[in-house]
Structure formats: C-alpha cells, structure tokens
Amino acid sequence: MQPRSRRPKLAVWKFASCDGCQLTLLDCEDELLAVAGQVEIAHFLEATKAVVAGPYDVSLVEGSITTADDAARIRAIRRQSRRLIAIGACANWGGIQALRNMADVDAYMAQVYAHPEYIDTLETSTAIADHVPVDFELRGCPIDKHQLLEVIGALLAGRRPAIPHHSVCVECKRRGTPCVMVAHGIPCLGPVTQAGCGAICPAYGRGCYGCFGPMEAAHPAALTGELAALGVDAPAQHRLFQTFNAAAPAFQAAAYPEPAEGRR
Amino acid sequence: MTESRTITVDALARVEGEGALHLAIEGNRVTDVKFRIVEPPRFFEAFLRGRHFAEAPDITARICGICPVAYQMSAVHAMESACGVTVPQPIRALRRLLYCGEWIESHVLHAFLLHIPDFLGYPDAITLAGDHPDPVKAALTVKKAGNAIVRLLGGREIHPVNVKVGGFYTIPERARFDALAEDLGAALDLLTGYADWIAALPYPEIRRDTPFLALRQGAEYPYCDGRLVSTDGIDAPVTDYERVIEEVHVAHSTALQGRRLDGGSYLTGPMARVVLNADLLTPKAKALADGWDVEAHATNPFRSLQARIVETVFALEEALAIIAALAPDTEPSVPVSPQAGVGCAATEAPRGLLYHRYEIGADGLITAATIVPPTSQNQQAIEADLRVVAEGALDLDDLSLRDLCEHTIRNYDPCISCATHFLTLTVDRKGRPRAVVPSRLRGR
C-alpha cells in the first residue's frame with residue numbers, strides 16, 4: 001500500500017441535486033472500504049466531516065448550478081482540481097430542475113414560496129461544463145455504480161474510462177430483452193438514450209425514460225414518428241423528453257419543438 | 001459574566017443535502033438558534049403542474065436520492081386516492097416489502113456510517129472502521145441486503161423504475177425473492193449481534209418533551225396507510241392532514257406559551273413510530289425495544305439511534321414474513337383511470353411522515369401539488385433540541401460545543417434536499433411566532 005501522503009486525493013462536491021449520485025459511492029458496499037484504502041477522501045461532506053485542503057487529484061461534482069454563489073464555488077473547485085468529473089444528469093445537463101429554463105421562474109417562485117423575495121436563485125439550472133472545463137461526464141439519473149467505479153479506477157490507473165456511448169437498445173439485445181416497442185407497443189426512449197444503466201426499464205416491462213440522456217448522435221426526431229404511430233400524442237411526446245435531461249441539446253429539440261409561452 | 005460567542009457551521013457534514021448551523025450565546029443563555037437549510041430550491045411543486053398523474057412517482061423520486069421509495073409511495077397512494085382506486089392485498093404487501101428495503105438501507109447508512117461516528121468521536125465511518133472494522137463491515141452487509149430488496153423489486157437502488165400508479169410494472173420471479181430471504185436472514189442475525197455494542201454507546205443525557213406524530217394503522221406497523229396519531233391526542237384521517245397540522249400548531253402555540261421549548265413543534269420519524277406503534281413491532285424488534293426500554297428513553301433525542309436500529313430489525317423481520325407469504329400469480333398492477341379530483345397520502349419515509357397532495361384534471365394532468373417532507377416538520381424541534389443541548393453544555397469550548405450541536409442535528413437524520421422548499425419558513429421565523437406547516441399552506 002502506498003504511504004498515506006502519496007494516495008490520490010479524492011473530493012466529492014454537491015450542487016443542486018438529490019444527493020443520489022454521491023450516495024452511489026456509499027452504495028458500493030463491497031468496494032467502499034477498498035476505495036477508501038486507495039484514495040485519500042479529502043472532501044466528502046455526505047460521508048465525513050474531516051476536510052483536507054486542496055488541491056485535489058480528482059473532484060467528483062454532483063448537481064447543477066442554480067445560484068450566483070454556486071457559480072463562483074464551482075470555479076474555485078475547478079482551480080483546486082487536477083481532474084474534474086461531472087457525475088449525473090444534474091451536473092451534465094442541469095437535471096430536472098432545468099425545466100425552469102423553459103418556464104417563467106417568477107411564476108414558479110410564486111407557486112412554491114410565500115415570500116419569493118427571500119429566495120436566491122438564478123433563472124436557469126445549468127451544467128457544470130457551462131461554467132468550467134470538465135474532464136469527463138458520467139451520465140445517469142442516477143449514475144450507475146459500476147460505471148462510477150470504472151471511472152475512479154481508470155483515473156487512478158491514468159487511463160481513459162471505458163464508458164460506452166451507444167444506445168440502450170444494445171444493452172437490451174445483450175440482456176436478451178425483447179424490444180418492448182416492437183413486441184408490446186410500449187413507447188421507449190431506448191433508441192436515443194445512452195447505455196449504462198443495464199437497460200433496466202425494458203427488463204421490467206416498461207419503456208426507457210431516458211434518464212441517462214441522449215446517446216452520441218441521438219436523433220429523437222426519427223423516434224417521435226414511431227411514438228406517434230403508437231398513439232402517443234404530441235404533448236405526451238414532449239413530456240417524455242421533458243424530464244431529467246430536458247436541457248441536453250438533443251433532447252431539448254424534442255422536448256420543446258415550438259416556442260412555448262414564457263420560453264426565453 | 002456576559003461573555004458572548006457565536007458557533008457557526010457553514011456546511012454540515014454527514015447529512016443529506018446542504019445545511020448550516022448558527023448558534024448565538026450571551027453569557028449562560030442561548031439567544032439564537034438556526035438550523036439553516038441552504039440547499040438551493042428546485043421547484044418540484046411548480047413543474048409538477050401540467051405533468052401527467054402517472055409521471056409523479058418517477059419525478060418526485062428525484063427530490064431525494066436516499067428515500068426515493070418514500071416519494072414514490074406517497075405519490076402513487078395520493079394518485080390512487082384521487083382516482084378512487086385501492087390496490088389489492090398482494091400489491092400492498094409488495095409495496096411494504098419495497099419500503100422495508102429502503103428503511104434497512106437508509107437506517108443502516110445513517111446509524112452506522114453517519115451517526116455512530118459521533119458517539120465514538122470519529123470524523124467518519126471509514127476512520128471508525130480503522131479501529132472497529134467489524135461493526136462497519138457488518139453494517140455494510142446489512143445495508144446491502146436492504147438495497148438488494150430495492151434492487152430486485154424496484155430495478156435499482158436509487159430512483160427505482162418498477163413502481164407505477166396502480167402497482168408495479170413487473171413482479172420478479174418467486175425464486176429471486178427466496179434467494180433474497182437468505183441474505184435477509186443472515187443480515188438479521190448479524191445486526192442483532194451488535195445490540196449490546198449499540199446499547200453500550202455513550203448517550204448524552206438530554207430531556208425534551210416534544211409530542212410525536214406518526215401513522216398508526218392498528219394491525220401492522222405503519223408504512224403506507226393508517227391514521228395520523230400523536231402522543232398528545234391527535235387521531236385523524238390523513239385527508240385531514242392540513243387541518244390537523246393547523247390545529248397542532250394553534251393548540252401548541254397556546255398551550256406551550258411560556259415554556260422554553262417552543263410551541264407548535266412535533267416530531268416524526270423512527271422514535272415517533274416506535275412510541276406510537278410499539279405493540280405492532282415484530283418479535284425480535286419488540287424484544288430489542290423492550291430490552292433497551294426505548295419508550296422510556298424517547299424524551300432523549302440521542303436515543304433515536306436505538307429506535308432506528310429497532311426499526312431496521314423490524315424491517316428485516318417484516319421483509320422475511322412478506323416473502324414467506326408472497327401470493328402466487330399476482331397481477332402486477334390494477335388499471336387506474338384519471339378522474340378530476342384531489343388526492344392525498346402520507347407514508348412513513350425513513351426519516352418520518354411524508355405527505356403528498358395533488359389536484360388532477362379529468363385529462364390526468366396535475367393542476368396543483370403540495371409535498372411536505374419529514375425534515376421540514378422536524379426542523380423546528382431540531383432547533384428546540386439545539387437550544388436545550390447547548391444551554392446544558394456551555395462550559396464546553398467552541399469546538400466541542402459545535403461537535404455536540406452537529407451530533408444533535410444528526411439525531412434526526414435530516415434530509416435537507418427534501419426539505420429545501422421550506423426555506424421561507426426558516427427565514428419567516430425571524431421575529432415572529434413560529435409556524436410549522438400552516439403559514440406556507442395558507443399562502444396558497
């Protein structure tokens with residue numbers, strides 16, 4: 001084992017999010033203590049109050065940027081981080097809270113808060129990469145723990161993470177799951193969604209709902225014709241894409257095909 | 001002596017979400033306590049408007065990565081209530097099983113990885129594991145067994161995909177549940193083996209008399225159904241939640257005026273459930289609760305750790321019983337057609353009562369949503385506890401006092417991502433009578 005001071009320093013940071021992606025690390029029940037032996041956990045507030053000052057070898061960043069303070073904080077974190085990995089849909093594309101980007105935030109505030117003047121928030125929820133350079137983006141809402149371990153392992157070994165960019169359809173084929181759209185007429189976003197989850201939804205008899213976001217070169221327009229043929233009307237088609245990765249450019253085009261009222 | 005000092009923690013560790021603590025002390029008196037929620041708002045209740053009612057379980061799961069099952073359960077029951085549907089017993093049992101999984105993984109995560117390090121003076125469970133590897137490894141094994149339930153029945157541990165309004169998309173094969181049962185039985189033995197170790201932890205002696213509120217269903221320990229009951233006399237259907245909480249607040253701001261502990265607060269969560277449903281615990285959980293005399297210690301917030309362990313033992317036993325009694329050939333779901341109306345539901349999240357209320361149109365689209373998470377309800381009582389704890393420990397230096405205050409907050413396993421939309425209440429509390437839920441509801 002390397003001496004303690006030579007272990008790479010790992011930091012975990014949280015922005016607007018549900019905490020689920022960083023929880024994925026604590027859900028690695030079989031691997032957690034081994035990982036903790038390989039890296040120095042230098043900043044991970046969900047797990048420890050011990051904080052080691054930067055710089056950090058690897059920063060895992062969860063969540064999206066929704067306040068001016070957070071926009072400043074991510075820049076400070078970037079300056080202290082040799083490698084910065086954005087984990088999950090919020091960090092990659094702004095998350096479900098990016099639905100505000102296409103709505104009237106003042107109206108949202110009035111609906112939720114009795115005193116909107118006390119709320120400090122930006123009008124948009126944006127990805128980490130919109131603010132600072134990001135070395136790698138790990139997809140998912142939430143991320144997959146095997147992919148997370150692969151990314152951490154690859155960084156420790158100094159190689160590029162082996163994360164596939166093909167669609168969920170490939171995972172269904174590998175898993176032997178009959179196509180839910182072809183066999184059962186169930187609407188499915190698998191053909192445009194990046195693999196990584198293991199094609200869980202079709203294996204459980206429902207369509208993929210796109211929580212890993214668009215695959216490389218996704219072409220949702222080709223899919224929406226199929227969805228319409230299955231009886232999914234236009235508003236329902238749009239809602240299918242208006243979820244956890246709605247602000248990803250490839251999904252945004254399908255989610256908001258026409259200028260909507262209040263859209264900026 | 002009127003020495004004044006301020007204890008501030010800008011970013012609380014080992015809690016879910018972003019919280020902060022502010023404590024102002026004048027001489028031997030605590031003059032200001034704030035358990036602040038600094039997590040930025042995400043506007044779930046706003047963007048739920050216009051969504052289809054069937055989307056609510058997947059969307060609201062994203063409020064909390066640690067208790068997504070709780071959000072899914074409250075959402076599906078509220079929607080079924082709006083549409084006049086009650087699911088058959090086999091589906092109800094499987095929902096309880098899924099909830100068992102979430103309680104096991106969430107309770108063990110909190111108790112062993114986040115809370116016990118406080119009792120023993122460690123910064124985290126990884127350092128704790130350096131000196132006490134066995135309990136930490138045992139905890140990871142038990143946690144994994146809980147997660148395995150959610151993974152099998154939900155599809156994955158975080159944001160499960162198999163829950164829908166009306167039931168489940170699929171029910172896994174019987175043999176896979178039986179395989180799960182072996183691990184759950186082993187986890188039960190492993191966890192109960194640490195009962196003496198847990199009992200021997202040094203519990204700070206604090207007393208406070210906040211009323212407890214929980215569901216009580218009468219025949220089974222509560223998950224997804226029951227009436228709202230409290231230790232100070234509430235007994236009402238969940239449909240009266242908003243009225244009851246108003247009354248709780250009104251009653252207590254009158255009755256408790258002049259007491260140092262603030263009026264209007266109540267507590268939900270493991271201790272509340274154990275106190276109000278002790279007779280419904282499974283045998284080993286009941287024996288543990290009796291052996292520890294958990295009810296007699298309920299006024300000490302630090303004993304919540306034991307309530308959480310009792311409930312973990314309960315959830316393991318309950319899961320085993322549900323699996324043993326699984327009905328063959330169960331239809332995974334019943335159809336639910338939208339109808340215009342209002343539906344509400346409360347279920348017992350690991351941290352306490354989680355209330356959802358929706359209005360939907362005949363087209364199935366949501367027109368209004370209200371979500372009241374447990375930490376929002378506990379926030380006021382947490383501040384009251386902090387005042388009691390701090391005033392009893394003013395001879396400590398700032399660092400030790402800060403550690404004790406953080407430990408006090410962790411007694412509640414606060415789930416701050418969930419509670420975020422209560423930010424205004426924290427601010428509202430400055431200089432005027434405190435409200436728990438009502439001011440926000442009145443603001444609608």
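Convention: sequence-line order gives letters A, B, ...; per-chain numbering from 1.
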Taking the side chain from A/K49 and the backbone from B/E406, do they hold a donor-acceptor pair closer than 3.5 Å?
no
Looking only at non-hydrogen atoms, find the nearest pair between [X] and [Y] and report the distance.
X      : Y      : value
B/P41  : A/T121 : CG-CB, 4.4 Å
B/H159 : A/C18  : NE2-SG, 3.3 Å
A/D70  : B/P40  : OD2-CG, 4.0 Å
B/P160 : A/Y209 : O-OH, 4.4 Å
B/Y169 : A/G205 : CD2-O, 4.2 Å
A/E29  : B/L140 : CG-O, 3.4 Å

Side-chain ion pair, A/R206 and B/D58, N-O less than 4.0 Å:
yes
A/D144 and B/R156 ion-paired at < 4.0 Å
no
Euclidean distance, [Y] [atom2] relative to [X] [atom1], rounded to 0.5 Å:
X      : Y      : atom1 : atom2 : answer
B/E55  : A/T243 : CD    : OG1   : 8.5 Å
B/R51  : A/Q242 : CZ    : CD    : 5.5 Å
A/D27  : B/R151 : CG    : CZ    : 10.0 Å
A/K145 : B/N147 : NZ    : CG    : 6.5 Å
A/Q22  : B/I66  : CD    : CD1   : 8.0 Å

Would you mind telling me which of B/T170, B/I158, B/N162 has the largest number of heavy-atom pairs within less than 4.5 Å of chain A?
B/I158
Under 4.5 Å from a heavy atom of chain B, the part of A/F15 involved
backbone
Quick one: what part of A/I96 sits under 4.5 Å from any heavy atom of chain B, side chain, backbone, both or neither?
both
Between [options], which shows the greatest number of heavy-atom pairs under 4.5 Å with chain B?
options                       : answer
A/A203, A/P142, A/A89         : A/P142
A/C197, A/C211, A/A236, A/C90 : A/C211
A/A98, A/A36, A/A16, A/A47    : A/A47
A/I41, A/T48, A/T24           : A/T48
A/A50, A/C141, A/C201         : A/C141

Are the side chains of B/F43 and A/L99 in contact, using a 4.5 Å heavy-atom criterion?
no
Counting C-beta onward and ignoring hydrogens, is there a side-chain heavy-atom pair between B/R42 and A/S125 closer than 4.5 Å?
no
Side chain from CB out, backbone as N, CA, C, O: work out which of these in [X] comes under 4.5 Å of a heavy atom of chain A, or both, or neither.
X      : answer
B/L109 : side chain
B/L48  : neither
B/F44  : side chain

